[in-house]
Amino acid sequence: MTVESLSQAQAVDSSDNDSVLPEASDTFVTTPYVEEVTGRALAYLRAGYPVHLAGPSGTGKTTMAFHLAALWGRPVTLIHGNDEFSVSDLIGTNDAGYRRSKVVDNFIHSVVRTEEEMRQMWVDNRLTTACRNGDTLIYDEFNRSRPEANNVLLSVMSEGILNLPGLRTAGEGYLDVGGDFRAIFTSNPEEYAGTHKTQDALADRMITIRLDPPDRDTEIKIVKSKSGLDEIEAGHIVDIIRELRGTGENKTRPTLRAGIAMGKILSTVSGQARFGDRLFHHICYDILSTESAKVLHDGQSVFRQWVDDVIKQVCPPSGVQPADGSDSSKVLEKAQSFWHQS
Ligand SMILES: Nc1ncnc2c1ncn2[C@@H]1O[C@H](COP(=O)(O)OP(=O)(O)O)[C@@H](O)[C@H]1O
Ligand SMILES: [Mg+2]
């Protein structure tokens with residue numbers, strides 16, 4: 001399983017199959033920026049600290065968490081923050097369970113014994129399994145869960161003990177956390193809807209690395225890797241995104257995902273990022289639109305006008321081949337008139 005497909009697996013909320021062994025993805029991009037963050041995070045993990053990747057959406061937090069877990073090399077347990085989680089969703093519960101087990105004797109093949117019992121049974125949930133096995137816990141968007149549920153992590157992170165108040169067997173009310181256990185958290189503090197403020201006590205026990213949109217070089221390499229476009233075309237797309245992100249007008253803050261989507265679509269239609277190319281302009285409107293309904297006097301949308309200006313600023317005009325030696329101002333004129341007619 002690749003890191004990429006692993007990240008898809010978060011959607012499957014099955015507590016039966018708790019851990020997976022991650023592998024590096026071949027579309028994962030490493031640049032000096034990525035290496036620097038990775039190096040720091042691994043140092044914190046090595047020193048025994050939980051790592052917390054915090055930052056706005058689309059800055060590569062989840063991808064980095066999987067990458068770190070893959071480098072760490074232990075089986076991974078995934079939890080995705082959820083407002084409806086209670087403590088028992090994290091640690092487990094006392095269930096009236098029905099257990100059926102089959103005993104197969106390897107030496108006498110005719111021996112197959114089936115045991116059946118009905119009794120109160122403790123069922124581990126993911127956090128308990130991870131602590132018991134010394135796995136790596138990835139708790140993605142942990143601030144979507146309520147602080148009351150996450151409080152159970154406090155003693156895990158400070159004393160290496162997981163309290164299991166519901167577990168009554170043989171005086172076990174707690175579990176010693178395996179020495180290899182590590183936790184990697186992600187959160188998006190800026191996304192207020194559906195999130196809870198990170199508790200200070202919890203934040204104090206992890207080392208927070210703040211992730212912002214990566215540098216231009218990293219962003220271009222990511223768009224290139226995910227879309228198959230060449231570096232020059234990926235560069236145009238990234239420059240449009242970064243220009244829009246930088247001005248912050250209309251609260252437009254397109255993320256890495258927007259650039260990847262533009263790249264994938266352009267690659268699918270074998271298109272190019274050109275000023276005056278109608279299809280390209282429309283792809284940009286559709287992907288970058290923030291539903292700003294503001295319209296100018298002539299009926300033109302403010303947002304579209306603004307996107308057109310940015311495309312004009314960073315992309316070559318439609319019809320221009322970089323090395324054909326043509327008079328680019330003429331071609332630009334042609335492209336503009338084409339654009340305004342259509
Ligand atoms: N180093 C990287 N290499 C390749 N793709 C990346 C890398 N970092 C981020 N991405 C891609 O960027 C997009 C956003 O990353 P993601 O980790 O989901 O962000 P976040 O969790 O911060 O919202 C995803 O499609 C992801 O595959
Ligand atoms: Mg994420």
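Numbering of ligands and ligand atoms starts at 1, following listing order. What you see is a predicted model, and the numbers here were worked out from it, not measured in a lab.
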Peer 1: Using atom types as modelled, flag every donor-acceptor pair under 3.5 Å from a side chain in residues 149-163 to any protein atom, sequence neighbours excluded.
Peer 2:
| residue | atom | partner | partner atom | Å |
| --- | --- | --- | --- | --- |
| Asn150 | OD1 | Tyr139 | OH | 2.6 |
| Asn150 | ND2 | Phe142 | O | 3.1 |
| Asn151 | OD1 | Gln199 | NE2 | 3.3 |
| Ser155 | OG | Ile161 | O | 2.7 |
| Ser155 | OG | Asn163 | ND2 | 3.4 |
| Ser158 | OG | Leu154 | O | 2.8 |
| Ser158 | OG | Arg205 | NE | 3.3 |

Peer 1: Are Ser225 and ligand 1 in contact, using a heavy-atom cut-off of under 4.0 Å?
Peer 2: no
Peer 1: For atom 26 (C) of ligand 1, which of the options Thr63, Leu211, Ile222 provides the nearest non-hydrogen atom?
Peer 2: Thr63
Peer 1: What is the minimum heavy-atom distance between Met206 and Leu202, and which atoms define it?
Peer 2: CG-O, 3.3 Å
Peer 1: Between Ser57 and Arg253, is there a side-chain donor-acceptor contact under 3.5 Å, judged purely by atom types and distance?
Peer 2: no
Peer 1: For atom 13 (C) of ligand 1, which candidate among Ile260, Val29, Thr31 holds the nearest heavy atom?
Peer 2: Ile260
Peer 1: Taking distance alone, no hydrogens or angles, what donor-acceptor pairs closer than 3.5 Å link side-chain atoms of residues 260-270 to residues at least two apart or in another chain?
Peer 2:
| residue | atom | partner | partner atom | Å |
| --- | --- | --- | --- | --- |
| Ser267 | OG | Ser227 | O | 3.0 |
| Thr268 | OG1 | Lys264 | O | 2.6 |

Peer 1: So if I count the atoms of ligand 1 from 1 in the order they appear, which ones are less than 4.0 Å from some heavy atom of Thr59?
Peer 2: 19 (O), 20 (P), 22 (O)
Peer 1: Which atoms from ligand 1 have a heavy atom of Thr62 less than 4.0 Å away?
Peer 2: 17 (O), 21 (O)
Peer 1: Once side chain to side chain donor-acceptor pair (under 3.5 Å) is applied, what residue pairs with a partner in residues 39-50 remain, sequence neighbours excluded?
Peer 2: Glu36-Arg40
Peer 1: Output, by chain and residue number, all protein N/O/S atoms separated from the Mg ion (ligand 2) by less than 2.8 Å.
Peer 2: Thr62 OG1
Peer 1: Is it true that the side chains of Asp212 and Thr59 contain a donor and an acceptor less than 3.5 Å apart?
Peer 2: no
Peer 1: Please confirm whether the backbone N or O of Asp135 pairs with a side-chain atom of Asn133, one donor and one acceptor, at under 3.5 Å?
Peer 2: no
Peer 1: Taking the basic N atoms (NZ, or NE/NH1/NH2) and the acidic carboxylate oxygens, is any pair closer than 4.0 Å for Asp239 and Arg216?
Peer 2: yes
Peer 1: Against heavy atoms of Ser57, which atoms of ligand 1 measure under 4.0 Å?
Peer 2: 23 (O)
